[in-house]
Amino acid sequence: MKEFEQKLSSKEILEIVGGELIQNKSVFINSIGDLMEADNNSVAFYNDEKYREKFKNSDAGLIFIPSDSLAEDKSRNYIIIEQPYYAFLKVIDYFLKSEKRNKIDGQLIADSAGIHSSVKLPQNVKIGSNVIIGKNSTIGDLTEIEDNTVIGAKVGIGSKTHIYPGVIIYHDCKIGDRVNIHSGTVIGSDGFGYLWDGKKQRKIPQIGRVIIEDEVELGSNVSVDRGALGNTIIREDTKIDNLVQIGHNVEIGKHTIICSQTGIAGSSKVGNNVTLAGQVGVADHVTIGNNVTVAAMSGISNDVPDGKIMFGYPATEAGKQKRIIASMRSLPKLRKILRRLQKRIDD
Amino acid sequence: MKEFEQKLSSKEILEIVGGELIQNKSVFINSIGDLMEADNNSVAFYNDEKYREKFKNSDAGLIFIPSDSLAEDKSRNYIIIEQPYYAFLKVIDYFLKSEKRNKIDGQLIADSAGIHSSVKLPQNVKIGSNVIIGKNSTIGDLTEIEDNTVIGAKVGIGSKTHIYPGVIIYHDCKIGDRVNIHSGTVIGSDGFGYLWDGKKQRKIPQIGRVIIEDEVELGSNVSVDRGALGNTIIREDTKIDNLVQIGHNVEIGKHTIICSQTGIAGSSKVGNNVTLAGQVGVADHVTIGNNVTVAAMSGISNDVPDGKIMFGYPATEAGKQKRIIASMRSLPKLRKILRRLQKRIDD
Amino acid sequence: MKEFEQKLSSKEILEIVGGELIQNKSVFINSIGDLMEADNNSVAFYNDEKYREKFKNSDAGLIFIPSDSLAEDKSRNYIIIEQPYYAFLKVIDYFLKSEKRNKIDGQLIADSAGIHSSVKLPQNVKIGSNVIIGKNSTIGDLTEIEDNTVIGAKVGIGSKTHIYPGVIIYHDCKIGDRVNIHSGTVIGSDGFGYLWDGKKQRKIPQIGRVIIEDEVELGSNVSVDRGALGNTIIREDTKIDNLVQIGHNVEIGKHTIICSQTGIAGSSKVGNNVTLAGQVGVADHVTIGNNVTVAAMSGISNDVPDGKIMFGYPATEAGKQKRIIASMRSLPKLRKILRRLQKRIDD
């Protein structure tokens, strides 16, 4: 359960989510929770038969339900609405936004922040303690940069972007609007490129940039390398989970979901609306089309056309891979059968 | 070899570990090492035949041995004790604790630490440079928080806990007593949840917490996400290695060992006394029972009952998986045999 | 494309790289780029037929080419040289070094750096904001330590070493000359060792060190654990990518390449000139010889002799593993054939 500072009446919530209100008693709502933890001042939702018991025993002061036939208990209030879970998310968003709105108003700059004199700060911005911002970097309006984050020189950061504590952004990178970057994430470290000259590993200079477009979210402890010559690009509305590796010159499309601990090697391209599940590996110089899904722990070493569902390592179409796995499991048995057959024929 | 400031006589060490002392000459001990690197002022241990030569040539001033028959070399001192390695660890602990004991005495707060005025510090505490502690957070007695660590608002941290430099703990998380958290670890970053609404990836708010119970240890660069609504929980005495991913709403039992680079996806449950070896993947909404062992690089996508040993991806019972792998290795041969058989039958 | 502050004439570039200059018009060069993005003041290179069109349409002011037969377009300048790409890298290095050379001249110490009074700084050194350097640590000449990095007590850092922002180095570690360490990397965190005593996971003290030799590069968010008793060692000129795990007491040879998200468990040894591709797992107490290559996502659980190419999990020689995978893919078909055969024989 989560409490908020703001209090809302049932009617105010009705205005936020729509639907039909059944008011049995007067309450105010300042928290949200699941059916069991919710109390008299909480909103909760019910949309699945299997939680029927929890629904019956809930103390929630307001419950979103899909049908008025459920509104038996007259000690509670209900809003009848087609998609109770969406309505619930809307209320959470409303609470969070009103808290956030209070947060950034004017320039709130910690004394210990080290901001280069060339940086022109916007009208509304929040910059935490020990934040460093390098020469000629720009920060958009209503952006928050939290404690102990380091931003190099000539970095561009858009508006309404939220950078959590302890993020490192190297020089010359570009971050869009409404981007979230979680703690421990490093953007713009050198790509991994060396040439063996017979005596030493000679470093190939990494002088490109990283471009992160609007509404991207990066989890914690992610590494995004800068391009060698060109850029590493993550397009709008793509979401990347914790501990993911994005190699140099990788290009990732829009609305793509990349789960934790996945790694994409240098110069590979990932399309739009792709899902890479956890711990996937993508080799270098590979192109993955749009609307592709790759199952967890799979390894992609060849191009994947649009719309495919891939599984295994080396990854195969998921249906085929499942048949291979089923066969593998019967393999010790097959082996026995084969030997017996051979014996019978030999006899 | 590791030297300490404190010096101990053989008799003082006897008091710490027990056993029987054979004193051949007067020494003081202020270092520990393995048999080869140990010198006249070091303690070492011998408990395995295969290190016999090293034992014979060791210069150690004091050696823990399992039997008096080994005490031939009269230039050295011995303590005869059933478990020499345990005794050795006890001495290391003793040295380390006496050094540690000197460390936290009163309030040692770096001038550059930014501690919110609402935070009431305990009598004995050590807080490093540039540490940030947010509003209404609490810190237990004898806890140390090292340089450049950031602790959000309303975080509870127990006593005798050690947080290394550069850790990030988000708001509202709870850390128990005698917990160790290594550098670069992030606790409480947002869980990874989005709904595709046909146009955009819509973020599911992540407003739960992380609860880490007593005596947990977290390695470096670990990511532990906060719960979406409820909490992510790591129970007492569980130990987590570097670069591990713990998804939102995961619950991990007591005394469990999770090796490096393992990832546990959202809402999964791991029991007590479980061992997950390195680079294991656990899918979301899976339950792993107590006393389960999962071999390295395995992928768990279904529930695992108590006591099982699992291996492979998709993980199977280890014995069965080993037979499958053995069969796989003979597969090219089996294929040939089958073709030959077919030909003979066709003929 | 990357611009630099320095401007060079074609003749100055000729002096840097050698070869033969064909000068068609007067230009100065202050940027580098690929053929398409290069402009009148850029140098580019051409060494592959498949980029012929791009070469023809390039606006580059100077192009490195392998043969004078290519110098048709008289609006451009050329340097004819055997290895155009190497020449190109040389020019980049020259630009980068001249910028770098300007960077460290005297002691540039940020006011907010917290350097212990026992640390004697060299004549030329750059230490960023909020950097912490502990008691009795040493820093070599011409070394740069960037913002918010934390260096513990008794750490030795060589000369011309570059430590990026937000790195954590624990006490007693040793870093060589000309080492690069990228952001978020943690060196010297405790190794992962516990003994189950029937009631609790008892921590095995981790009191060894980490030794990183000259010209090693470590990517971002890498974890290198200190030795339990002895040391964890990474030998000269070895390059390690992002998010790699190096366990306690691991020893890695010279000139070795370890790609992203690979993990090496405790006490394992990796030889010289080895390549471990991405997401490889190496079990504990394993020895990998010199000149070994391990394919991506492979798992090494046994010793590997010099010169082998390994693939799969458990890893097998690559040629054999490829045959196994080919057979696996035909496994569902083999199964059908076998069943049909059996039926025919039964009939």
Side-chain angles (χ1 to χ4, degrees), chain B residues 1-2 32-34 37 85-86 89 92-93 95-96 110-112 128-130 146-148 164-166 180 182-185 215 217 219-221 236-243 255-257 259-261 273 277-279 296-297 312-313 325 328-329 331-335 338-339 341-342 345, chain C residues 112 114 130 132 148-150 152 166-168 170 172 184-186 189-190 192 194-197 199-205 207-208 221-225 229-230 243-245 247 261 263 265 279 281 283-284 297 299 301 313-314 316 320 323-324 326-328 330-331 334 337-338 341 344-345:
Chain B
M1 203 171 72
K2 169 84 178 172
I32 60 94
D34 65 31
E37 62 183 8
Y85 182 50
Y86 272 85
L89 295 181
I92 297 175
D93 273 352
F95 274 123
L96 291 174
D111 289 343
S112 57
S129 301
N130 309 319
E146 291 202 53
D147 306 331
N148 286 17
Y164 286 81
N180 292 326
H182 285 277
S183 294
T185 284
E215 305 198 34
E217 180 151 12
S220 57
N221 288 324
E236 62 180 74
D237 197 39
T238 277
K239 313 297 183 181
I240 294 181
D241 200 357
N242 305 335
L243 292 160
H255 316 301
T256 278
I257 296 286
C259 296
S260 179
Q261 294 179 323
N273 289 89
Q279 296 186 341
M297 301 183 101
Y313 176 54
I325 287 170
M328 265 171 56
R329 293 201 156 159
L331 195 50
K333 211 177 115 195
L334 285 182
R335 208 176 168 189
L338 183 59
R339 281 189 187 141
L341 269 187
Q342 190 173 24
I345 291 170
Chain C
S112 57
N130 309 321
I132 306 300
N148 287 16
T149 279
V150 177
V167 169
I168 311 287
Y170 283 47
D172 288 296
T185 284
V186 177
S189 45
D190 281 357
F192 194 65
Y194 303 90
L195 285 170
W196 174 245
D197 74 0
K199 288 187 180 168
K200 271 202 203 181
Q201 299 292 358
R202 188 184 162 143
K203 184 175 172 75
I204 299 172
I207 58 180
N221 288 327
V222 171
S223 291
V224 183
D225 280 347
L229 265 186
L243 292 160
V244 166
Q245 152 75 0
Q261 294 179 322
Q279 297 185 341
D284 57 296
M297 301 183 100
S301 41
Y313 176 55
T316 309
K320 200 180 165 194
R323 285 192 300 278
I324 292 171
S327 306
M328 263 172 55
S330 64
L331 195 49
L334 285 182
I337 295 173
L338 184 59
L341 270 186
R344 277 172 61 188
I345 291 171

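Letters go in sequence order (proteins before strands), and every chain restarts at 1. Small disclaimer: the values here were computed from a predicted structure and weren't measured.
Residue contact with chain C, scored on non-hydrogen atoms closer than 4.5 Å, involves the side chain of I325(B) exclusively. In this structure, chain C has no heavy atom under 4.5 Å from any part of Y313(B). Looking at V167(C), neither its backbone nor its side chain comes within 4.5 Å of chain B, counting heavy atoms on both sides. In this structure, the portion of D172(C) lying under 4.5 Å from any heavy atom of chain B is its side chain and not its backbone. Contact of S183(B) with chain C is made through backbone and side chain together, with heavy-atom distances under 4.5 Å. Looking at I132(C), the atoms closer than 4.5 Å to chain B (heavy atoms on both sides) all sit in the side chain, from C-beta outward. Looking at L338(C), both its backbone and its side chain come within 4.5 Å of chain B, counting heavy atoms on both sides. Residue V186(C) touches chain B through both its backbone and its side chain, counting heavy-atom pairs closer than 4.5 Å. Heavy atoms of S330(C) lying under 4.5 Å from chain B belong exclusively to its side chain. Contacts between K2(B) and chain C at a heavy-atom distance below 4.5 Å involve the side chain alone, from C-beta outward.
One distance of note links CD1 of I204(C) with CG of L89(B); it measures 6.0 Å at 0.5 Å rounding. Here the straight-line distance linking atom CG of D241(B) with atom CG of D190(C) works out to 10.5 Å at 0.5 Å rounding. Summarising the geometry, atom NE2 belonging to H182(B) is positioned 8.0 Å from atom CG belonging to D225(C); distances are rounded to the nearest 0.5 Å. Expressed to the nearest 0.5 Å, how far CG of N148(C) lies from OG of S129(B) amounts to 11.5 Å. Once rounded to the nearest 0.5 Å, the distance linking CD of Q279(C) with CE of M297(B) reads 8.0 Å. A distance of 8.0 Å separates NZ in K200(C) from CD in E236(B), rounded to the nearest 0.5 Å.
Considering only heavy-atom pairs separated by less than 4.5 Å from chain B, the leading option among S223(C), A265(C), G114(C), G166(C) is S223(C). With chain C as partner, the option from L331(B), D237(B), T238(B) having the largest number of non-hydrogen pairs under 4.5 angstrom is D237(B). The candidate from M328(B), H255(B), Q342(B) with the greatest count of non-hydrogen atom pairs under 4.5 Å with chain C is H255(B). Ranking I257(B), N221(B), N273(B) against chain C, the residue ahead of the rest is N221(B), based on heavy-atom pairs under 4.5 Å. Counting heavy-atom pairs closer than 4.5 Å to chain C, the top-ranked of the candidates I240(B), T256(B), D111(B), D34(B) is I240(B). Interface summary for chain B: among G230(C), P314(C), G299(C), the most heavy-atom pairs under 4.5 angstrom belong to P314(C).
With N130(B) contributing its side chain and N130(C) its backbone, the two residues share a donor-acceptor pair below 3.5 Å. Looking only at distances, a side-chain donor or acceptor of Q261(B) sits under 3.5 Å from a matching main-chain atom of Q261(C). In this structure a side-chain-to-backbone donor-acceptor pair under 3.5 Å is missing from N242(B) to Q245(C).
Taking the six-membered ring wherever Trp is involved, the centroid distance between the rings of Y164(B) and Y170(C) falls below 6.0 Å.
When every heavy atom of L334(C) is checked against every heavy atom of R335(B), the shortest pair comes out as CD1-CG, 3.6 Å. Heavy-atom minimum distance, E217(B) versus Y194(C): OE1-OH, 2.9 Å. The two residues R329(B) and K320(C) make their nearest non-hydrogen contact at O-CE, 4.3 Å. Residues L96(B) and P205(C) come closest through the heavy atom pair CD1-CB, 3.8 Å.
You'll find the side chain of V150(C) stays beyond 4.5 Å of the side chain of E146(B), heavy atoms only.
Classification of D93(B) and R202(C) as a salt-bridged pair holds, one side-chain N sitting under 4.0 Å from a carboxylate O.
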Starting from the C-alpha separation in whole Å, work towards a yes-or-no answer on side chain to side chain contact (heavy atoms under 4.5 Å, CB included) for L195(C) and Y86(B).
-> CA-CA 10 Å; L195(C) 285 170; Y86(B) 272 85; 4.1 Å; yes

